[in-house]
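What follows is a set of notes on a single structure, which appears directly below.
All of these numbers come straight from a predicted model, not from anything done at the bench. In what follows, chains are A, B, ... by sequence order, proteins preceding strands, each numbered from 1.
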Number of protein chains: 2
Amino acid sequence: MKTSREELLDLGEEIVCRQGFGGFSYGALADRAGIRKASIHHHFPSKSDFGRALMNRCVRRVERAFEALETDRRRGSALLRSVIQTRRTGCAHSGAVDLVTAMSADPAVTDPATREGLASARETLVRHIAHALQVGRRDRTIAVAGDIEEEARAVFAQIAGAELAARASGNVAEFDRALATLDRRMSAY
Amino acid sequence: MKTSREELLDLGEEIVCRQGFGGFSYGALADRAGIRKASIHHHFPSKSDFGRALMNRCVRRVERAFEALETDRRRGSALLRSVIQTRRTGCAHSGAVDLVTAMSADPAVTDPATREGLASARETLVRHIAHALQVGRRDRTIAVAGDIEEEARAVFAQIAGAELAARASGNVAEFDRALATLDRRMSAY
DNA sequence: GCGTCCCTACCTAGTGGTAGGTTTCTCCTG
DNA sequence: CAGGAGAAACCTACCACTAGGTAGGGACGC
C-alpha cells in the first residue's frame with residue numbers, strides 16, 4: 001500500500017511534538033512509516049521541505065479553527081476552554097507539546113519560510129484567544145480588565161509556558177497548575 | 001594558559017541558550033574555547049556530565065539569588081521587575097533564552113539528574129516570584145487577587161512563554177509585549 | 001510508456017567518545 | 001634553590017555511529 005504525504009506528516013508531527021524538530025530524523029520517520037529513509041526523500045526532498053509542509057498544514061489548520069471559532073455561538077469561557085484544550089492534548093502524551101510550541105522552542109528551526117509560517121500561526125492563535133476574551137468579556141464569563149490584545153498575548157504566553165512546565169516535569173498536572181488563574185477568571189462569573 | 005572548568009561552563013551556557021542542549025556540541029565548544037574537542041572530555045567526560053554541571057551551577061545561582069531576594073528590602077514591584085529583568089537578558093542576544101527555559105524546552109535533555117536539577121531550579125524560581133508577589137501585595141505595588149502560589153506559577157509560565165515569543169519572532173520586543181499585563185498590574189498602584 | 005512509489009547501496013559531514021602520548025604546572029624533597 | 005615526580009591540561013589520531021542526502025534501478029498502476 002502507498003504511503004500518502006498526509007500520513008507521513010501525521011507521523012512526523014507526532015515525533016516533532018515529542019522530540020523537537022532537531023530531534024526528528026528521516027530515519028525515525030521511515031521506521032514508523034514502515035518504509036525506507038530514501039523513500040521519505042521522494043515525498044519531501046529535504047528536511048526543510050518537510051518542516052515547511054508541516055508548518056503550512058499547521059497554519060491552515062489553525063486558520064480553519066479560527067474561522068470555526070468566529071461562527072461558534074457558545075459563551076466566551078467555553079471558547080477559551082476549547083482553545084486551551086486543543087493545546088493541552090499534546091501534553092497528554094508524556095513529554096509532548098503542541099506543534100507550535102515545539103517549533104517555537106526549537107532553535108533547529110532555521111528555514112526562513114518555516115519561521116514565517118510559525119510566526120503567522122502564532123499570530124492567528126493570539127487573535128484566536130483575543131476573540132474568546134472579547135466574547136467572554138461581553139457575556140461576562142471571563143474576567144478581562146485591560147486591553148484585549150495585551151491580555152491575549154499574556155494568555156498565549158501563559159499557555160506556552162504551561163506546556164513547558166508540563167514537559168519539564170513530565171507531568172500534565174503542571175499544565176493545569178500553571179493555568180489555574182485562568183480557570184479562576186472564568187469561574188468568578 | 002589553562003582553561004578553567006568555569007570558563008567552559010560559561011561558553012557552553014551561551015551556546016545552550018542559543019542552540020539548545022541538543023544543538024550544543026563538544027566540537028563547537030572546543031572551537032570557542034580555543035582548545036581541542038578531546039580536551040573538553042578531560043574536564044567533562046561525557047556530554048551528560050556537562051549538562052549536569054551546567055544545571056548544578058544554575059541551581060546554585062538561582063538559590064543564591066533567592067536568598068539575596070529575601071533580604072532585599074525594596075518594594076514588591078521592584079523585586080518582580082528584577083526577576084523579569086534577569087530572565088530578559090537572555091533574550092537580548094537574538095535567538096537566545098534563559099538557561100532554565102532553554103533546558104525546559106529541549107527534549108534532548110534526558111539525563112535524570114539534569115532533569116531533577118532543572119525541576120528544582122524551576123521550583124525555586126516559582127518561590128522567587130511568589131515572594132515578590134507576596135511583598136508586592138503587602139506594600140500595594142502589585143495587584144494580586146487570588147492564591148499567591150497559583151499566581152506565581154501563572155507568572156512564571158507567562159515569562160517562559162514570553163521568552164519563546166521573543167525567540168520565535170527573533171524580536172525582544174515580543175518579550176515585553178507578552179508581559180505588558182504584568183507591567184500594568186504594577187503601575188496600577 | 002510514463003509517472004509514482006519504493007528500494008538497495010552509497011556518500012559526506014558531524015556526532016560523542018576513546019587511546020595514548022606530550023606539555024606544563026605544582027609541589028615536595030634533597 | 002634545583003630538580004624530579006606526578007597530576008592536570010592538552011594534543012593527534014582514531015573509533016562507531018547517525019545525520020541528511022544522492023544515484024540508480026525495480027515494481028506497479030493509469
Kindly say if [X] contacts the phosphate of [N], meaning a side-chain N or O under 4.0 Å from OP1 or OP2.
X	N	answer
H42(B)	dA9(D)	yes
H43(A)	dC6(C)	yes
S39(B)	dA9(D)	no

Can we say E13(B) and R61(B) salt-bridge, meaning some charged N sits less than 4.0 Å from an Asp/Glu carboxylate O?
->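 Between R61(B) and E13(B) there is a salt bridge, with a charged N closer than 4.0 Å to a carboxylate O.
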Going by an N to O cut-off under 4.0 Å, is there a salt bridge joining R32(B) and D10(B)?
->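 The answer is no: the pair does not qualify as a salt bridge.
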Once you round it to whole Å, what is the distance between [atom2] of [N] and [atom1] of [X]?
X	N	atom1	atom2	result
L8(A)	dT4(C)	CG	P	16 Å
I40(A)	dA19(D)	CD1	P	13 Å
D111(A)	dG20(D)	CG	C1'	15 Å

Tell me what S25(A) touches on the nucleic acid: a base, only sugar-phosphate, or nothing, going by heavy atoms under 4.0 Å.
-> sugar-phosphate
Select base, sugar-phosphate, or nothing to describe what F50(A) touches, counting heavy atoms under 4.0 Å on all strands.
-> nothing
For nucleotides 17-21 of chain C, which of its nitrogen or oxygen atoms have a protein nitrogen or oxygen under 3.5 Å away, and what is each distance?
unit_1  : atom_1 : unit_2 : atom_2 : d
dG17(C) : OP2    : K47(B) : N      : 2.7
dG17(C) : N7     : H41(B) : NE2    : 3.4
dG17(C) : O6     : K37(B) : NZ     : 3.1

Please collect all side-chain hydrogen bond (donor to acceptor under 3.5 Å, both in side chains) contacts where either partner lies in residues 151-179 of chain B, sequence neighbours excluded, each pair once.
-> E149(A)-R177(B), R87(B)-E163(B), R88(B)-D176(B), T101(B)-E163(B), E123(B)-R153(B), E149(B)-R153(B), E151(B)-R185(B), Q158(B)-T181(B), E174(B)-R177(B)
Find out if a path of hydrophobic residues (ILVMFWY) with successive side-chain heavy-atom gaps under 4.5 Å connects L164(A) to L182(A).
->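 No, L164(A) does not connect to L182(A) through the hydrophobic network.
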Considering only heavy atoms, which members of residues 29-36 of chain B lie under 4.0 Å from some atom of DNA chain D?
->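 When residues 29-36 of chain B is checked for heavy atoms under 4.0 Å from DNA chain D, the hits, listed by number, are I35(B), R36(B).
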Under 3.5 Å: donor-acceptor pair, side chain of D139(B), backbone of R75(B) |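 Here the side-chain-to-backbone pair does not exist.
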Output all residues satisfying ring-ring contact (aromatic ring centres under 6.0 Å, His included) with F50(B), sequence neighbours left out; order by chain, then residue number.
->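 F24(B), F44(B).
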Can you pull the salt bridge (Lys or Arg N to Asp or Glu O under 4.0 Å) pairs that have at least one residue in residues 38-48 of chain B, sequence neighbours excluded?
-> none
Stepwise, does the salt bridge (Lys or Arg N to Asp or Glu O under 4.0 Å) test hold for R184(A) with D147(B)?
-> CA-CA 10 Å; R184(A) 204 169 290 275; D147(B) 178 62; over 6 Å; no
Selection residues 117-143 of chain A - residue pairs positive for ring pair (Phe, Tyr, Trp, His ring centres under 6.0 Å), sequence neighbours left out |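 Found F66(A)-H128(A).
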